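To start, the structure under review is shown below, and the notes come after it.
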Amino acid sequence: MTAFEGYKILEIFSPWPKSETTFKYALVDKQSPIKINLNYNNFDGIIPVPVDDIVVTSTTHLPALELLEETASLIGFPGTTYVSLPKIRTRIDSGEIRELGKNEGINTEVLLELRPDVLIAFGIDGNNSAFETITNAKIPVIYNGDWVEESPLAKAEWIKLFGVLYDKEVKADSVFKAIEAGYISARELAKSVKNRPTVLSGAMHKDVWYLPSGTSPEGQLLKDANVDYLWASTAASGSLALNFETVFTKAQSADLWFNPSYYPSYEALEDANSHYGTFKAFKSKNIFTVSTTTGATGGVLYYEKGLSRPDLVLKDLIKIAHPELLQEYQLSFFKPLQ
């Protein structure tokens, strides 16, 4: 970001996979005594800051508003049903946050009525006609690229984008540094253990078992928890897609099993596929899931808050894999399968 007298230039690079696009925004200080004359055509948006009203489009964007104490600025969201953060949930239930449909087909009529100062979006490939309509109406659309980052801490660092928009850069930096310090401290603590349990992850979807690669953010979390993740040596930009036989051969005797899809219980897991019951982790009741830690309306808290709090995710993994460590810590996302 480049600072000038009375305004700053914010650039967002490659906010979706294989994107070569750079977006440029002018953030104009509302309090500046200097009259700023900028040509809208030179930017992807001109945004007066600090922003008063905002629309975000992913549950992963919501924790930043909570951490920066700006939840009152949220006026619209697509898919409000499963939002879990208490302050935002209360404002949804009271009608202060409007429902905007789905991200891929956002209700532009309602959004144009709301006219937020900025809309925070995420793009799979940059093709979204609704966002084009919104941009043409001179409502700035900023693409948040947190989801394409390759490390857990890099994902969490996107809170700094919101810090800029709310003129809370110092606070955002402080929040991130605290998360980073907690993560690094937990990682260093885990290095002290000698017993590294073997770990399996994921479950079957139709005929394919999806599980994280060793180079994925999830794979890095497992590495930093100092466990023996059985696919740690693999490298891939997305999930690994394997058949049952391949996974069974390698992981039948794994000590721990994380995130067997959305199955909430051993009974549901075995009902889906009786072969799951032959894994050691199933027999020893050492399966842990995030799917049962939900908010008031059933939203899975991990998928809302986990990206912004990798320190807590890592501590969960360490607490489970190395119970002699972090004895006073209470699990935040992971729970034993029921």
Side-chain angles (χ1 to χ4, degrees), residues 12-17 19 23 51 54-71 73-89 91-92 97 99-104 106 116 118-126 128 131 141-166 168 172 175-176 178-180 182-183 212 216-218 220-221 237-239 259 262 290-291 293-314 316 332-334:
I12 304 289
F13 302 95
S14 305
W16 54 80
S19 168
F23 293 89
V51 298
I54 195 170
V55 167
V56 303
T57 56
S58 170
T59 53
T60 62
H61 302 160
L62 298 175
L65 306 187
E66 181 185 59
L67 290 166
L68 295 177
E69 301 178 317
E70 291 290 349
T71 55
S73 66
L74 183 66
I75 58 173
F77 185 80
T80 58
T81 302
Y82 296 112
V83 171
S84 300
L85 295 179
K87 289 183 179 179
I88 296 177
R89 181 75 254 158
R91 297 188 70 244
I92 290 170
I97 297 173
E99 173 61 69
L100 296 174
K102 297 181 179 180
N103 182 66
E104 61 272 16
I106 198 167
V118 64
L119 180 144
I120 307 299
F122 68 93
I124 304 300
D125 56 12
N128 189 309
F131 292 160
V141 175
I142 296 182
Y143 286 97
N144 186 325
D146 57 3
W147 68 283
V148 299
E149 295 287 359
E150 296 181 351
S151 82
L153 285 173
K155 290 176 179 291
E157 195 169 12
W158 277 80
I159 190 176
K160 294 180 180 179
L161 167 63
F162 293 91
V164 169
L165 295 175
Y166 289 110
K168 290 187 173 182
V175 168
F176 173 70
I179 291 170
E180 181 182 43
Y183 187 100
S216 67
E218 296 81 3
Q220 184 174 325
L221 281 158
S237 56
S239 297
N259 283 336
Y262 281 94
V290 297
S291 68
T293 304
T294 59
T297 56
V300 177
L301 194 60
Y302 174 84
Y303 296 117
E304 185 168 319
K305 197 173 179 179
L307 183 146
S308 66
R309 296 302 307 268
D311 55 329
L312 299 182
V313 178
L314 180 59
D316 274 13
S332 297
F333 305 109
F334 286 87

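Numbers for residues simply follow the sequence, beginning at 1. In this text, all values refer to a predicted model and were calculated from it rather than measured experimentally.
- Residue Asp311 holds its CG atom at 8.5 Å from OG of Ser332, rounded to the nearest 0.5 Å.
- Glu66 contributes atom CD, which lies 8.0 Å from atom OG of Ser308 (distance to the nearest 0.5 angstrom).
- Residues Trp16 and Phe122 fail the side-chain proximity criterion, which asks for heavy atoms closer than 4.5 Å.
- Atom CG in Leu301 sits 12.5 Å away from atom OG in Ser291 (nearest 0.5 Å).
- Residues Leu62 and Val56 meet the side-chain proximity criterion, which asks for heavy atoms closer than 4.5 Å.
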- Audit row: Trp158, Asn144, side-chain contact (heavy atoms from CB on, under 4.5 Å) steps and yes/no: CA-CA 8 Å; Trp158 277 80; Asn144 186 325; 3.3 Å; yes

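- The local environment of CD in Glu99 is crowded, with over 12 non-hydrogen atoms from other residues, nucleotides or ligands closer than 6.0 Å.
- Thr71 places no side-chain N or O within donor-acceptor distance of the main-chain N or O of Leu65, the cut-off being under 3.5 Å.
- Across all their heavy atoms, Ile12 and Pro15 have their closest contact at CG2-CB, 4.1 Å.
- Looking at heavy atoms from C-beta onward, Val55 lies in side-chain contact with Ile75 at the 4.5 angstrom threshold.
- Atom OH of Tyr82 has 12 or fewer neighbouring heavy atoms from other residues, nucleotides or ligands inside a 6.0 Å radius.
- Judged by distance alone, the side chain of Lys168 and the main-chain N or O of Leu68 form a donor-acceptor pair under 3.5 Å.
- Inter-residue side-chain proximity for Tyr143 and Phe131 is flagged as met; some heavy-atom pair is nearer than 4.5 Å.
- At least one side-chain heavy atom of Leu74 sits less than 4.5 Å from a side-chain heavy atom of Ile88.
- Using the six-membered ring where Trp is involved, Phe162 and His61 have ring planes that are tilted, between 30° and 60° apart.
- The shortest distance between side-chain heavy atoms of Tyr166 and Ile54 falls below 4.5 Å.
- Atoms CZ and CD1, on Phe77 and Ile97 in that order, are 9.0 Å from each other to the nearest 0.5 Å.
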- With side-chain contact (heavy atoms from CB on, under 4.5 Å) as the test, would you mind laying out the steps for Tyr262 and Val300 before giving the verdict? CA-CA 10 Å; Tyr262 281 94; Val300 177; 4.2 Å; yes

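- When all heavy atoms are compared, the tightest approach of Val141 to Ala121 is CG1-CB, 3.8 Å.
- For the atom pair Trp147 CH2 and Thr60 OG1, the distance stands at 10.5 Å (nearest 0.5 Å).
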- Evaluate side-chain contact (heavy atoms from CB on, under 4.5 Å) for Ile142 paired with Leu165, printing each intermediate quantity in order. CA-CA 11 Å; Ile142 296 182; Leu165 295 175; 4.0 Å; yes

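- Taking every heavy atom of both residues into account, Leu153 and Glu180 meet most closely at CD2-CA, 3.8 Å.
- Side-chain contact between Pro310 and Lys155: absent, with no pair of heavy atoms (C-beta onward) separated by less than 4.5 Å.
- Not a single donor-acceptor pair under 3.5 Å links the side chain of Glu304 to the backbone N or O of Gly299.
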- Task: Quick one: do Phe334 and Asn259 satisfy side-chain contact (heavy atoms from CB on, under 4.5 Å)? Show the steps, please.
- Result: CA-CA 8 Å; Phe334 286 87; Asn259 283 336; 3.7 Å; yes

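- No donor-acceptor pair closer than 3.5 Å links the side chain of Arg89 to the backbone N or O of Ala296.
- From Ile159, atom CD1 reaches atom CG of Leu307 across 11.5 Å, with rounding to the nearest 0.5 Å.
- Phe333 places a side-chain heavy atom less than 4.5 Å from the side chain of Val313.
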